[in-house]
Amino acid sequence: MDLQIFSGRQNKENFWYQKGDKIIPATMGLVPSDLTGLGHHNSGFYEHRRSSVVLNLPGLEVFPGDLLVSAGAADYLCHPLLLLNSESKKPRWPFSKRGVQGKDKNKHISDLEDCLSSLKITDFRDYEFHTLKDKTWNEVMEMHQKLPTNQLDLRKQQEAVWELFTSECTYFLDHLLVLKMIFMNTLKYLQTHEYLLDVDLWRLFANLEELSQTSFGFVNSLFRIFKDYIDICETSPSLDFISVLTKYFRGSLCQSHQTYCLNYSAAVFYLESLKQRHDFGIYLKWCEQHDQCRRLHLPELLVAPLHRLTRYPLLLKNIWKRSTDSTEKIMIYSIKEKVEKAIQDLEGKVKWLDNFQKFRHLQEIVVWPPLWDRDKRFFIPECLKHIFKEHMAENILSPTNRHLLYEGKLTLAESTRFLDVYLFLFDDFLLVTKTKRNKKKLGGSDPGLMCPSLTAELQTVIREGGSCTVIDQPIPLDRLLVRGLDPLHVSVFGLRNAFLIQHENRYRQCIAAFLLQAQTENIKRTWIAQITAAISRFTRSQETKKLSSFPLPAEPSGI
């Protein structure tokens with residue numbers, strides 16, 4: 001049995017396993033607010049293994065090798081486009097409709113508009129702190145007929161905490177609530193009336209409910225502190241805000257933002273694909289024209305949590321600078337460091353997840369022809385072909401083994417024709433493929449599930465059900481030579497912006513050569529520079545490994 005487990009634990013949950021060429025979660029009972037796919041260990045899959053992936057999330061028990069992803073990413077990883085069998089190219093629901101087609105389309109649109117016109121959204125900003133979000137600290141003190149403290153340092157600290165409170169009010173009332181009450185709840189309302197049923201709420205809004213509840217709890221706690229301070233007699237020396245900052249910044253505030261941000265790039269890409277649909281466009285226009293949106297569009301609202309998370313350290317630093325008590329300063333600084341660490345961790349997780357998703361798509365579209373198809377010189381009888389099929393090269397494109405440094409479309413000059421090729425430059429080899437497009441598109445590809453970091457060229461290939469067929473074996477960087485060519489030497493063949501790639505074996509014999517043409521001189525120079533830099537980095541890393549594997553002999557004790 002071909003079995004791979006994506007977790008470093010042997011007797012815990014939180015793992016995915018690979019059976020054959022399918023990736024299967026241990027359980028499909030995913031909770032949107034969690035960052036892990038939860039499951040129970042099956043003793044049939046118990047085996048000793050090394051950890052392969054290490055990711056950390058604040059507040060969660062993590063063991064080396066755990067693969068932690070958001071629930072939206074888990075759905076992404078399970079999608080048929082990411083699996084490597086032939087069944088993956090079939091639609092998930094071959095009998096379902098994406099929208100309504102044909103003669104009933106006009107009636108469907110008319111009914112959708114009537115349904116939206118019957119929906120009334122009440123004013124959802126009826127919170128006690130709503131009137132305070134645009135006021136300064138001095139204005140609030142004057143409004144309650146209470147003079148600010150005479151201690152200048154203490155007053156500056158109060159103003160800094162007030163800035164954190166008012167900015168959180170604006171974030172909660174004008175962004176999160178608008179997203180939830182107008183966009184998400186309207187979509188839920190339409191789906192209860194059987195419109196836009198195939199639009200996935202999680203892929204678009206992720207854990208917005210959890211984010212709204214956490215932000216409301218935070219802003220309401222700060223509001224209670226200010227209210228108690230104003231209502232209490234003037235003998236009250238200072239604000240008691242440290243406990244609130246500790247509770248939320250060390251608790252669910254950063255974690256809920258991390259979950260949302262992990263899904264953000266996929267959500268924006270999904271939104272762009274949905275905009276092409278007429279029925280979704282009607283829903284989107286109706287929401288964005290609502291008065292309480294204040295002329296903000298959905299993409300501007302979706303990005304607000306990312307901006308808010310990056311602003312927290314600046315607001316905390318401002319409070320820290322204006323505090324005078326040494327104990328308070330230490331606690332505020334440690335909270336600020338915690339938030340900055342969460343942001344750094346998030347950046348690493350986003351990059352890793354994006355790289356993982358991209359490599360899964362590359363495994364789907366890159367085709368490795370067998371030896372007898374790649375080179376007609378080799379004859380393999382049918383009875384022996386199964387030996388080679390067992391060692392196909394799909395696993396070469398593994399996201400945990402290598403990184404994609406550069407890619408792009410070029411033209412390959414052959415003896416009788418020019419061929420469109422697509423090159424992938426990894427950190428250890430170069431792969432030359434030819435793009436193949438299908439004139440008849442396959443209906444099962446869901447553009448909303450494609451990785452946002454894929455180039456426009458590869459996205460087009462996927463939409464058209466095409467592939468990238470490997471022309472020759474991967475070229476290791478320590479066996480690769482790249483040469484820029486003088487235009488005078490190749491202009492007679494009608495080539496411009498040409499350069500040459502040579503593949504040498506271990507005996508320095510040239511076993512393959514590719515004469516490539518770029519669209520512009522700048523693209524040619526970029527390719528040469530990228531390949532040269534990759535070769536240099538790879539050579540240095542290999543030399544470092546050799547030195548580390550042969551340590552210097554120990555010094556004799558007599559010296």
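These values consider heavy atoms only, across backbone and side chains, with no hydrogens, waters or symmetry-generated copies.
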One thing to verify: whether [Y] and [X] come together as a salt bridge, which I'm taking to mean a side-chain N less than 4.0 angstrom from a carboxylate O.
X	Y	answer
Lys341	Asp345	yes
Glu414	Lys434	no
Glu543	Arg540	no
Asp420	Lys436	no

Hey, which of Asp111, Leu187, Asp279 is the one that makes side chain to side chain contact (heavy atoms under 4.5 Å, CB included) with Tyr195?
->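 One option only clears the test, and that one is Asp111.
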Which one of Leu196, Leu190, Ile109 satisfies the side chain to side chain contact (heavy atoms under 4.5 Å, CB included) criterion with Ile282?
->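 With Ile282 as partner, Leu196, Leu190, Ile109 yield a single side chain to side chain contact (heavy atoms under 4.5 Å, CB included), made by Ile109.
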Look up atom [atom1] in [X] and atom [atom2] in [Y], then write down how far apart they are to the nearest 0.5 Å.
X	Y	atom1	atom2	answer
Leu477	Gln542	CG	CD	9.5 Å
Lys351	His403	NZ	NE2	11.0 Å
Trp202	Tyr270	CH2	OH	14.0 Å
Ile531	Leu405	CD1	CG	10.5 Å
Thr186	Gln191	OG1	CD	11.5 Å
Cys287	Leu301	SG	CG	10.5 Å

Mark yes or no for whether Arg402, through its side chain, and Ile396, through its backbone, hold a donor-acceptor pair below 3.5 Å.
-> yes
State, yes or no, whether a side-chain contact exists between [X] and [Y] at a heavy-atom distance under 4.5 Å.
X	Y	answer
Leu454	Lys358	yes
Cys261	Leu309	yes
Tyr260	Leu306	yes
Leu298	Leu284	yes

Output, in order, the C-alpha distance, side-chain angles, deciding distance and verdict of side-chain contact (heavy atoms from CB on, under 4.5 Å) for Phe280 and Leu271.
-> CA-CA 10 Å; Phe280 186 85; Leu271 175 62; 3.7 Å; yes
Using a distance-only test with no angle check, is there a side-chain donor-acceptor pair under 3.5 angstrom linking Arg360 and Gln363?
->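 Yes, because at least one side-chain N or O of Arg360 sits under 3.5 Å from a partner of the opposite role on Gln363.
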When you look at CZ of Arg374, are more than 12 heavy atoms from neighbouring residues, nucleotides or ligands closer to it than 6.0 Å?
->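 Result for CZ/Arg374: enclosed.
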Look at atom CD of Glu457 and say whether more than 12 heavy atoms of other residues, nucleotides or ligands are closer to it than 6.0 Å.
-> yes
Please collect all salt bridge (Lys or Arg N to Asp or Glu O under 4.0 Å) contacts where either partner lies in residues 500-524, sequence neighbours excluded, each pair once.
-> Glu504-Arg508, Glu521-Lys524, Glu521-Arg525
Taking every non-hydrogen atom, the tightest pair across Cys468 and Thr435 |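 Closest approach of Cys468 to Thr435: SG-CG2, 4.0 Å.
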Which class fits the ring pair Phe429 and Phe426: parallel under 30°, tilted 30 to 60°, perpendicular over 60°?
->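 Because their plane-to-plane angle lies in the 30° to 60° range, the rings of Phe429 and Phe426 count as tilted.
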Apply ring-ring contact (aromatic ring centres under 6.0 Å, His included) to His503 and Phe514, showing your working.
-> CA-CA 9 Å; His503 182 187; Phe514 300 93; 8.3 Å; no
